[in-house]
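Everything numeric here is computed off the predicted structure, so don't read it as measured data. Scope of the values below: all heavy atoms of this structure, side chains included, with no hydrogens, waters or symmetry mates.
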Amino acid sequence: MTMPLMRPPRKNPVLRTRQMNLPPGARGRVALGLTAAAAEGRFELQTCDRCGTVQYPPREVCHKCLSAALRWRAQSGEGELLGSTTLHHSNDLFFRERLPWRLGLVHLDAGPTLMVHLHGEVGDAPQRVRVGARLDRAGQAVLIGFPFEGSPHMADDKMLREMTSDPKFRKVLVTDGKTEVGQAIVRALVKAGADIVWVGHAEPWKKMGEGLDDISALPQVTLVPLDLTNGRQVTELAGSIGGKVDIVINNAEVHRTFGIGARRGTDVAKAEMDINYFGLLRLAQEFGPALKGRSADGTTGATAWVNLLSIYALSNFPPHGTFSASKAAAHSLAQCLRAEMRPAGIRVINVFPGPIDDEWNQHTPPPKLAPTALANAIVKALRDGVEDVYPGDVAQEWLERWRDNPKVLERELAAGG
């Protein structure tokens with residue numbers, strides 16, 4: 001049984017500041033298929049279309065029949081632990097500061113035998129285990145052996161916490177607390193055990209509203225003035241709390257309907273870009289370096305950046321045309337941010353929801369995503385250590401259609417869905 005994580009002591013500024021060392025991250029192009037699946041929370045292995053062989057490690061051709069017809073397919077991960085060992089010495093800089101470290105040899109029911117990291121609740125061989133894929137601090141997929149039935153505190157395992165961004169005992173900035181989505185995110189973070197949640201709200205001189213009053217009454221919540229269109233305000237806030245924030249959740253957005261011809265001028269489109277794109281840019285420039293500098297601060301070091309995007313970022317939805325364009329721009333910027341944050345071990349999580357049940361989707365027919373469901377999906381993504389999340393039925397359907405043929409999806413959306 002995993003012992004629950006205790007609140008860590010405050011950092012002693014006199015002691016040595018540990019710098020981030022990443023685990024080995026070299027992968028061939030074929031092996032990146034495993035990483036691509038793990039980034040969305042799936043465990044997939046190569047399967048031969050000709051003979052049905054499931055193989056690991058990844059190869060260019062089937063090791064049994066030499067066919068190149070290989071597909072990545074989801075696996076249950078069930079198998080038998082054949083043996084285990086505990087490392088007490090390593091020449092790798094990342095593992096040297098995290099020893100001891102358990103490894104195991106697992107024979108999957110699907111056929112392959114593979115080396116995995118072992119969760120602390122997995123006992124000695126032989127026993128049944130379940131293998132899953134997770135992203136490590138280098139952003140590459142690694143395999144972990146889990147027990148079939150775990151304890152309520154499984155996520156507190158020392159090894160697993162290195163692979164995830166669990167908000168428990170961490171300090172989080174949520175950029176917009178005035179919306180139902182922002183308030184749901186705050187409540188979900190508090191429920192997940194976040195230590196402090198700073199909640200941004202633009203135009204603080206205005207009446208806050210019932211929802212913001214409710215969350216501000218929570219003992220973990222501190223309201224901070226934050227308008228992402230105001231570069232000076234973003235800079236001042238970063239100077240005030242940037243050195244303390246462990247997770248940034250950027251949910252601030254401007255969402256207006258219509259496309260190009262139904263609206264005169266560019267004012268609305270500029271407002272969307274100023275928050276949805278340039279707001280992310282301002283935030284990243286000010287808070288990014290602070291997070292990168294604290295990414296190795298032990299069990300509660302800086303760990304993740306979450307961007308609330310939209311499934312419309314993948315393919316433009318003409319009834320929300322300029323909003324879709326601003327989210328597509330933010331998606332591209334978020335990919336740049338992910339590349340720049342990866343050397344520090346900071347995970348950038350992009351969330352692509354379908355239509356949310358809010359004021360801007362009143363005329364959109366169901367199914368729509370409830371703010372609470374979206375908030376829970378964000379917390380789950382942090383706990384699972386994934387990079388891309390598509391919550392809701394609409395987002396899942398659009399994603400499948402986009403993967404099948406982006407051009408067909410574009411034509412379908414242009415015709416009304």
Side-chain angles (χ1 to χ4, degrees), residues 36-43 74 132-135 139 154-155 160-161 163-168 170 172-194 197 199 211 215 246-253 255 276 280 303-314 317 323-324 327 330-331 334-335 337-338 346-361 364 366-403:
E40 297 180 5
R42 302 189 306 276
F43 171 42
R134 294 289 188 275
L135 297 180
M154 276 188 65
L160 190 58
R161 197 168 171 90
M163 310 287 181
T164 62
S165 306
D166 196 317
K168 185 175 183 180
R170 286 194 162 102
V172 188
L173 170 64
V174 178
T175 57
D176 186 4
K178 286 192 171 182
T179 64
E180 288 187 46
V181 169
Q183 292 158 17
I185 292 172
V186 171
R187 294 190 186 95
L189 290 168
V190 170
K191 184 178 179 181
V197 182
V199 182
I215 63 171
D246 303 318
I247 300 172
V248 173
I249 300 180
N250 180 27
N251 68 303
E253 65 178 17
H255 187 169
N276 301 347
L280 170 59
T303 185
W305 185 296
V306 182
N307 297 307
L308 179 59
L309 301 176
S310 170
I311 196 64
Y312 302 160
L314 299 185
F317 187 44
F323 171 76
S324 302
K327 287 298 185 177
H331 179 205
Q335 290 175 319
L337 178 64
R338 178 178 290 162
I346 301 296
R347 177 156 298 139
V348 174
I349 301 172
N350 291 331
V351 184
F352 301 86
I356 302 171
D357 192 7
D358 59 14
E359 60 178 312
W360 299 111
N361 290 289
T364 302
K368 290 185 283 190
L369 188 64
T372 302
L374 176 56
N376 291 337
I378 291 174
V379 171
K380 186 177 186 301
L382 289 167
R383 284 176 167 165
D384 292 347
V386 300
E387 281 188 346
D388 295 312
V389 189
Y390 302 86
D393 295 337
V394 173
Q396 288 293 322
E397 179 192 356
W398 281 37
L399 176 63
E400 291 302 317
R401 292 158 65 186
W402 179 77
R403 283 175 171 163

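A side-chain donor-acceptor contact under 3.5 Å links Arg347 to the backbone of Met163. A donor-acceptor pair is defined here as one N or O able to donate and one able to accept, closer than 3.5 Å; no such pair exists between the side chain of Arg42 and the backbone of Ala74. The closest donor-acceptor contact from the side chain of Glu387 to the backbone of Ile349 lies at 3.5 Å or more, if one exists at all. Asp166 places a side-chain N or O within 3.5 Å of a backbone atom of Lys168 that can act as its donor or acceptor partner.
The CG atom of Asn350 sits 4.5 Å away from the CZ atom of Arg338 when rounded to the nearest 0.5 Å. Taken to the nearest 0.5 Å, the CG atom of Leu160 stands 11.5 Å off from the CZ atom of Arg383. Taking CG of Leu308 as the reference point, atom CD1 of Ile185 lies at 6.0 Å (rounded to 0.5 Å). To the nearest 0.5 Å, atom CG of residue Leu382 and atom CG of residue Leu189 are 7.5 Å apart. From Asn276, atom CG reaches atom CG of Asn307 across 11.0 Å, with rounding to the nearest 0.5 Å. Distance check, rounded to the nearest 0.5 Å: CG of Leu314 to CZ of Arg401 gives 12.0 Å.
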Carefully, step by step, assess Glu359 and Glu180 under the rule side chain to side chain contact (heavy atoms under 4.5 Å, CB included).
-> CA-CA 10 Å; Glu359 60 178 312; Glu180 288 187 46; over 6 Å; no
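In this view, Thr179 and Asp176, Val181, Asn251 satisfy the side chain to side chain contact (heavy atoms under 4.5 Å, CB included) rule, not counting sequence neighbours. By the salt bridge (charged side-chain N to carboxylate O under 4.0 Å, His left out) test, Arg161 is found to be paired with no residue, residues two or more places apart in sequence or in another chain being considered.
Leu309 approaches Ala330 most closely through the heavy-atom pair CD2-CB, 3.7 Å. The shortest non-hydrogen separation linking His331 to Ala313 is CB-CB, 4.2 Å. Residues Leu374 and Pro391 come closest through the heavy atom pair CD1-CG, 3.8 Å. In terms of heavy atoms, Pro353 sits closest to Ile356 at CG-CD1, 4.1 Å. Across every non-hydrogen atom of Pro167 and Val379, the tightest pair is CG-CG1, 4.4 Å. When all heavy atoms of Arg170 and Ile247 are compared, the pair lying nearest together is CD-CD1, 4.1 Å.
Side chains of Asp246 and Thr303: a donor-acceptor N/O pair is absent below 3.5 angstrom, by distance only.
The salt bridge (charged side-chain N to carboxylate O under 4.0 Å, His left out) analysis of residues 368-381, with sequence neighbours excluded, yields the pairs Asp357-Lys368, Lys380-Asp384.
Residue Glu40 places its CD atom among more than 12 non-hydrogen atoms of other residues, nucleotides or ligands, all under 6.0 Å distant.
Taking the six-membered ring for Trp, Trp398 and Phe352 have ring centres at least 6.0 Å apart.
If you run side-chain contact (heavy atoms from CB on, under 4.5 Å) between Ile215 and each of Val186, Val174, Val197, only Val186 comes through. Screening Trp402, Phe317, Trp360 for a ring pair (Phe, Tyr, Trp, His ring centres under 6.0 Å) with Tyr312, the sole residue that qualifies is Phe317.
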